[in-house]
Amino acid sequence: MKKSSICALLLGAALGSVSGGMLVKKLWLEKYHKQKEKLAAAGQERELLYNLLKLKQNRVLFSEYFTAHGMQTVAVLGMGREGRYLLDELAKEKGAVPVYGVEADYLGSVHETLTVYRLGEDALPSADCLVVCDLNRTEDKIVRAEREFPAEVLVLEDIVHWLMEKHKIRTWQGQSTSLRSAK
């Protein structure tokens with residue numbers, strides 16, 4: 001083999017190694033970022049569920065927030081656990097009235113008693129506010145909802161924090177969740 005052929009072969013192998021390494025790094029970083037997002041969402045969900053439990057233990061009503069802000073009718077975006085929980089609680093409380101649900105991702109979502117509209121496909125009827133109860137890509141859903149919903153768009157977590165502050169309920173402070181006893 002000629003020297004130039006060997007050099008070209010080595011150069012090709014080196015470039016192939018570098019580009020292969022860059023591809024592996026890119027794939028690994030994408031996977032890392034997705035896992036990081038999922039972990040953050042799980043932590044956010046865990047904190048919200050803890051705060052909802054604290055409100056329930058202290059017999060705090062969601063309708064208190066809506067009454068304090070002059071809102072009588074509530075639409076809920078996100079028909080998952082959190083959205084359905086809010087709808088059920090408002091229906092029991094007999095304060096602010098849940099009027100319909102909205103879904104952005106799972107377009108086949110239904111509710112037992114309320115109409116569920118599709119964000120971006122259906123015209124949204126009037127209501128005093130729309131509460132975003134979806135914990136995934138919340139910012140994106142807020143922007144989309146603000147384009148399509150003429151009244152105030154709220155976030156469930158903000159309502160929960162307002163109620164907790166009003167009733168002086170402490171949020172979770174990172175206490176140990178270990179099953180081991182303290183020594």
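In this text, all values refer to a predicted model and were calculated from it rather than measured experimentally.
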Spacing of [atom1] belonging to [X] relative to [atom2] belonging to [Y], to within rounding of 0.5 Å:
{"X": "E146", "Y": "K141", "atom1": "CD", "atom2": "NZ", "answer": "14.5 Å"}
{"X": "L77", "Y": "L156", "atom1": "CG", "atom2": "CG", "answer": "11.5 Å"}
{"X": "L163", "Y": "K54", "atom1": "CG", "atom2": "NZ", "answer": "14.5 Å"}
{"X": "I169", "Y": "L53", "atom1": "CD1", "atom2": "CG", "answer": "10.5 Å"}
{"X": "K56", "Y": "N51", "atom1": "NZ", "atom2": "CG", "answer": "15.0 Å"}

- Query: Is atom CD of Q72 surrounded by more than 12 heavy atoms (other residues, nucleotides or ligands) closer than 6.0 Å?
  - Reply: no
I want to check something: taking the side chain as every heavy atom from C-beta on, are [X] and [Y] in contact at a cut-off of under 4.5 Å?
{"X": "V143", "Y": "E139", "result": "no"}
{"X": "M71", "Y": "L154", "result": "yes"}
{"X": "Y65", "Y": "V160", "result": "no"}
{"X": "F62", "Y": "V74", "result": "no"}
{"X": "E89", "Y": "Y85", "result": "yes"}
{"X": "M79", "Y": "L87", "result": "yes"}
{"X": "E148", "Y": "Y117", "result": "no"}

- side chain to side chain contact (heavy atoms under 4.5 Å, CB included) between F66 and L90, worked out: CA-CA 10 Å; F66 300 107; L90 289 174; 3.9 Å; yes
- Note on the structure: What one should report as the nearest heavy-atom pair of Y50 and R170 is CE2-O, 4.5 Å
Backbone N/O of [Y] and side chain of [X]: donor-acceptor pair under 3.5 Å:
{"X": "T73", "Y": "V97", "value": "no"}
{"X": "E157", "Y": "L48", "value": "no"}
{"X": "Y100", "Y": "P125", "value": "yes"}
{"X": "E93", "Y": "L61", "value": "no"}

- Item | Residues E64, H167; criterion side chain to side chain donor-acceptor pair (under 3.5 Å); working and verdict | CA-CA 11 Å; E64 185 177 330; H167 290 275; 2.9 Å; yes
- Give me the one residue out of D122, D134, L119 that meets side chain to side chain contact (heavy atoms under 4.5 Å, CB included) with E103. D134
